[in-house]
Amino acid sequence: MKKRILALLLALVMALLLAACSKSDGQPNAPADNPASPAAPADKDDKPASEPSGEKTKLTFMGWGTDAEIATFTTMIEQFENEYQDVEVEYIVVPDNDFDTRLQTMIGAGQCPDVFYINIDWLMKYASTGSLYDLTAYAESNDIFDPDNVWNCLNKVYRYDGEYQGQGNIYAFPKDVSAFPIFYNVDLFKQASVTPPTADDPWDWNDFIEAAKKLTSGEGDSKIYGTGGYSREAAVWSNGTEWVDQETLTQVKITDPAFIEAMQFCADLTLVHGVAPTPEESTALGDYDRFKQGKLAMVGAGTWSLADLWANCDFEWDVMPWPVSPNTGKTEIWFGTAGLAVSAATKNPEAACNLAAYLAYNEDTQRTAYQMGQAIPTLKDMAYGEFVDAGKAPANKQVLFDMMENTARLATQSRTFNQEWFAEFNSNAAAVYEGTMTAEEYCNSVAGTCQQLLDESIALKAEYTID
């Protein structure tokens, strides 16, 4: 009952905040009533730079990120300002853990940034409440991108029709895209005489365990583990099962025997096989940092790590695909992305749309992003061309492309209106990895609460949606 009351109060607060924002600048509330004016193409290299016409149009752009990401986007914004010389952009950086709260506060105060990052998990919430400018007309009226030259997984992910994410109108352009492969230490593989898998000759879970055993050596502070924690998404999806049914996204499926088997496989890498650090060891030294120190042979990580690995690894490394399940012969893994949204209350919609599109699709900015190690190119021809030819690790970039083309999918929790049900699932999952509960015991113990929270998420979506 308390959660239901809180949900209703939250919906009311958001409605009041949005009304305040709309009143303050005279803009309509629903993005569908605020179509973008057709603007000049944002991605043509031969497009002449816009000439200053007196006083500059001023935009605010808000994001989060590490120092490396801030440096990357500072450069990209400068490239935009050189192209659109009558526009000036103020770049605001907010810590990611405070971003959602800060954004809602700014909306309520009538100070919403013109363009801002949108976490994929928040898209439905902000689109439903009318906070996001509907970019559909802008995208359809401008030659800003070629859908065939953008990774297919990105072409629909920022669409929303009021019911399901992935269809309907466009409410953001992709800020970036990240594959999540297994990074491996080439030197350790050679020392242990382990040959990495390929697309044509993949490992299954049993092969992975045997390789990890060969790669595990030493004791104490000098111990080298074969692998870090295994992606639960990769294990669950590859084993032919789901967190939530995929047709309606209404039924929690974590008590499926295939789900339980996949989760137990992940835990047993430590509990049974001893090839992965214990939870206590990972708390003291995270898997990613352990990998950089040469004390971990394999680790799952996103391609946002490229610049860090280039700078801080004194060994050769590469990437490989996730193993297939021995039960299905298939593999799947999530991909990462955040969006670039335009405020429905912006007073400069054309300039704001141009900025979002330029950062997302322009060749110069995409080149900056990959050269600075921020992300692999959104543009496929650039990825398959100059990104491959750039001469930087990983050597086997085709692994990344195969994921983006064939096996990458959006995380399930990003497709539900909120993620409380998923947070509940993860709240004590460590008990399985510590061996105090089996995966079966744990999944059965949290299934009811997860279902209740998913039901509340569905009800909250209906309350938020503007008719």
Side-chain angles (χ1 to χ4, degrees), residues 42-43 59-80 89 91-96 99-100 102-103 112-127 131-133 135 138-139 144-145 147 149-160 165-166 170-180 302-307 334-343 346 352-380 382-383 387 400 404 408 410-411 414:
D43 68 336
L59 297 176
T60 51
F61 170 65
M62 191 164 83
W64 64 75
T66 62
D67 290 345
E69 180 165 348
I70 293 167
T72 299
F73 272 84
T74 297
T75 301
M76 293 164 70
I77 290 168
E78 290 173 353
Q79 290 173 306
F80 171 81
V89 180
Y91 182 16
I92 304 167
V93 180
V94 176
D96 58 354
F99 195 92
D100 191 31
R102 176 76 175 274
L103 182 58
C112 185
D114 296 288
V115 182
F116 49 89
Y117 285 10
I118 186 78
N119 186 314
I120 191 67
D121 292 350
W122 308 334
L123 181 76
M124 288 186 280
K125 176 178 72 174
Y126 284 103
S131 300
L132 306 185
Y133 193 95
L135 296 167
Y138 176 86
I144 60 171
F145 73 101
N149 193 33
V150 175
W151 304 110
N152 187 55
C153 58
L154 291 177
N155 280 326
K156 296 182 179 180
V157 70
Y158 292 106
R159 292 180 177 268
Y160 183 53
Q165 189 168 335
I170 302 170
Y171 288 101
F173 295 138
K175 174 182 81 73
D176 54 22
V177 62
S178 296
F180 194 81
T303 48
W304 58 80
S305 304
L306 292 178
W334 61 276
F335 73 93
T337 182
L340 295 163
V342 173
S343 169
T346 182
C353 290
N354 285 342
L355 174 59
Y358 194 90
L359 296 175
Y361 299 118
N362 179 267
E363 285 189 7
D364 289 336
T365 55
Q366 285 299 299
R367 183 173 294 110
T368 295
Y370 89 72
Q371 288 181 343
M372 297 183 74
Q374 175 61 35
I376 63 176
T378 299
L379 306 175
K380 289 166 62 175
M382 181 176 289
F387 177 61
L400 310 178
M404 301 308 302
L410 188 63
S414 297

Check your understanding: Between Y158 and L135, is any pair of side-chain heavy atoms under 4.5 Å apart?
Key -> no
Point to revise | CG-CG distance between L355 and N362, expressed to the nearest 0.5 angstrom | key: 11.0 Å
Practice item. Drop me the distance from I376's CD1 to M404's CE, to the nearest 0.5 angstrom. Key: 5.0 Å
**Study point:** Flag side-chain contact, heavy atom, 4.5 Å: N119 against W64
**Key:** yes
Check your understanding: Is a side-chain donor or acceptor of T75 paired with a backbone partner of A71 at a separation under 3.5 angstrom?
Key -> yes
Exercise for review: With rounding to the nearest 0.5 Å, note down the distance linking CD1 in I92 to CG in L103.
Suggested key: 10.5 Å
Exercise for review: Grab the two heavy atoms, one from G63 and one from Y91, that are nearest each other, plus how far apart they are.
Suggested key: N-CE1, 4.5 Å
**Study point:** Ring centres under 6.0 angstrom apart (F80, F61)
**Key:** no
Practice item. Quick one: pull up CG in L154 and CZ in F335 and give me the separation to the nearest 0.5 Å. Key: 5.5 Å
Practice item. Taking the side chain as every heavy atom from C-beta outward, state whether F173 and V342 have any atom pair closer than 4.5 Å. Key: no
Point to revise | Validation row: F180, W304 side chains within 4.5 angstrom (heavy atoms) | key: yes
Study note, to complete from the structure: Nearest heavy-atom contact between T303 and S178 is OG1-CA, 3.3 Å
Review point. Can you tell me how far SG of C353 sits from CD1 of I144, rounded to the nearest 0.5 angstrom?
Key: 8.5 Å
Check your understanding: Got Y358 and N354 here, is their nearest side-chain heavy-atom distance under 4.5 Å?
Key -> no
Check your understanding: Would you find a donor on one side and an acceptor on the other, under 3.5 Å apart, between the side chain of Q366 and the backbone of T378?
Key -> yes
Exercise for review: Quick one: pull up OG1 in T74 and CD in E69 and give me the separation to the nearest 0.5 Å.
Suggested key: 10.0 Å
**Study point:** Passing option when L359 is tested against K175, Q79, M76 for side-chain contact (heavy atoms from CB on, under 4.5 Å)
**Key:** M76
Practice item. Of all the heavy-atom pairs spanning G65 and I70, show the shortest one and how long it is. Key: O-CD1, 3.7 Å
**Study point:** 4.5 Å side-chain heavy-atom contact, W122 and F99
**Key:** yes
Check your understanding: Mind checking whether I118 and L340 have side chains closer than 4.5 Å, heavy atoms only?
Key -> no
Practice item. Determine, step by step, whether L132 and L123 satisfy the side chain to side chain contact (heavy atoms under 4.5 Å, CB included) criterion, reporting the C-alpha distance in whole Å, the side-chain angles of both residues, the deciding distance to 0.1 Å, and the verdict. Key: CA-CA 9 Å; L132 306 185; L123 181 76; 3.8 Å; yes
Practice item. Evaluate the side-chain proximity of M62 to Y117: yes if any heavy-atom separation is below 4.5 Å, no if none is. Key: no
**Study point:** Considering all heavy atoms, the nearest A360-P174 contact
**Key:** CB-O, 3.2 Å
Point to revise | Non-hydrogen atoms of A338 and D176 that approach each other most closely | key: N-OD1, 3.2 Å
Review point. After noting the C-alpha distance and the side-chain angles of T60 and D114, does the key distance pass the side-chain hydrogen bond (donor to acceptor under 3.5 Å, both in side chains) rule?
Key: CA-CA 5 Å; T60 51; D114 296 288; 3.2 Å; yes
Check your understanding: If every non-hydrogen atom of Q165 is compared with every non-hydrogen atom of V157, which pair is closest and at what distance?
Key -> NE2-O, 3.2 Å
